[in-house]
Amino acid sequence: QVQLVESGGGLVQPGASLTLSCAASGSGFSMLMMGWYRQAPGKQRDLVATIARNGNTDYADSVKGRFTISIENAKNTVYLHMNSLNSEDTAVYFCYVLALARAYWGQGTQVTVSS
């Protein structure tokens, strides 16, 4: 019962910044956590960052100190602020929502870091 709309991806140069957003809409669910995963070509989908409704966060080691996740609870919108991007960050980024009954996934937004 949840639809996720992602935006903010694009092509940037190394060292640049991007902010991704994901808005969750729907009814009949209780959102427990929102976050981001990413998948590079030929690789598995890995966790990037998560944030619970109470504000607790978790980050992959590869993005600690560079990425910041935040949430606007009233709008069920999660953001991923990405700084100091490098080529290893190139991937499709997927928003997800952990609700009480199940998890939901967005369609993904492409982030490409290249000179």
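We're numbering straight along the sequence, starting at 1. As a basis for the values below, the full set of heavy atoms in this structure was taken, side chains included, without hydrogen atoms, waters or symmetry mates. These numbers were taken from a predicted model, which means no experiment stands behind them.
Residues Leu85 and Arg66 share a closest heavy-atom pair of CA-NH1, 4.0 Å. When every heavy atom of Val97 is checked against every heavy atom of Met34, the shortest pair comes out as CG2-CE, 3.6 Å. Listed here is the closest heavy atom pair of Phe67 and Tyr59: O-CE2, 3.3 Å. When all heavy atoms of Asp89 and Ser84 are compared, the closest pair comes out as OD2-O, 4.3 Å. Residues Ala40 and Ala91 come closest through the heavy atom pair N-CB, 3.8 Å.
Applying the disulfide (SG to SG under 2.5 Å) test to pairs two or more places apart or on separate chains, those with a residue in residues 46-111 are Cys22-Cys95.
Counted by atom type alone, Glu88 and Thr90 present zero donor-acceptor pairs between their side chains at under 3.5 Å. Side-chain contact check for Ser17 and Asn83: at least one donor-acceptor pair (N or O, by modelled atom type) lies under 3.5 Å.
With sequence neighbours left out, the salt bridge (Lys or Arg N to Asp or Glu O under 4.0 Å) criterion links Arg53 to no other residue.
The cationic atom of Arg45 (NZ for Lys, CZ for Arg) lies less than 6.0 Å from the six-membered ring centre of Phe94 and within 45° of the ring axis.
Atom OG of Ser62 sits about 9.5 Å away from atom CG of Leu47, to the nearest 0.5 Å. Separating the NZ atom in Lys75 from the OG atom in Ser25 is a distance of 12.0 Å, to the nearest 0.5 Å. With rounding to the nearest 0.5 Å, the separation of CG in Asp58 from OG1 in Thr50 is 4.5 Å. We find the CG-CE distance between Leu98 and Met31 to be 9.5 Å, quoted to the nearest 0.5 Å.
Two residues are said to be in side-chain contact when any heavy atoms from C-beta on lie closer than 4.5 Å; Leu32 and Leu100 meet this criterion. No side-chain heavy atom of Leu80 sits less than 4.5 Å from a side-chain heavy atom of Thr19.
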Is there a side-chain hydrogen bond (donor to acceptor under 3.5 Å, both in side chains) between Gln110 and Thr112? Walk through the geometry before answering. CA-CA 6 Å; Gln110 177 71 48; Thr112 302; 3.3 Å; yes
Trace of the side chain to side chain contact (heavy atoms under 4.5 Å, CB included) decision for Leu20 with Val111: CA-CA 9 Å; Leu20 307 181; Val111 172; 4.1 Å; yes
Kindly determine whether Ile51 and Asn56 satisfy side chain to side chain contact (heavy atoms under 4.5 Å, CB included), including the steps that lead there. CA-CA 6 Å; Ile51 183 167; Asn56 290 341; over 6 Å; no
Worked verdict on Ile71 versus Tyr79 for side chain to side chain contact (heavy atoms under 4.5 Å, CB included): CA-CA 6 Å; Ile71 190 168; Tyr79 303 90; over 6 Å; no
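Not a single donor-acceptor pair under 3.5 Å links the side chain of Gln39 to the backbone N or O of Val92. Glu6 places a side-chain N or O within donor-acceptor distance of the main-chain N or O of Gln107, the cut-off being under 3.5 Å.
Ring-plane geometry between Tyr37 and Tyr96 is classed as perpendicular, the angle between the planes exceeding 60 degrees on a 0 to 90 degree scale with a lower cut at 30.
The 12-atom threshold is not exceeded at CD of Gln3, counting heavy atoms of other residues, nucleotides or ligands nearer than 6.0 Å.
Cluster annotation: Met33 is connected to Trp105 through the hydrophobic network of ILVMFWY side chains, with a link wherever side-chain heavy atoms come within less than 4.5 Å.
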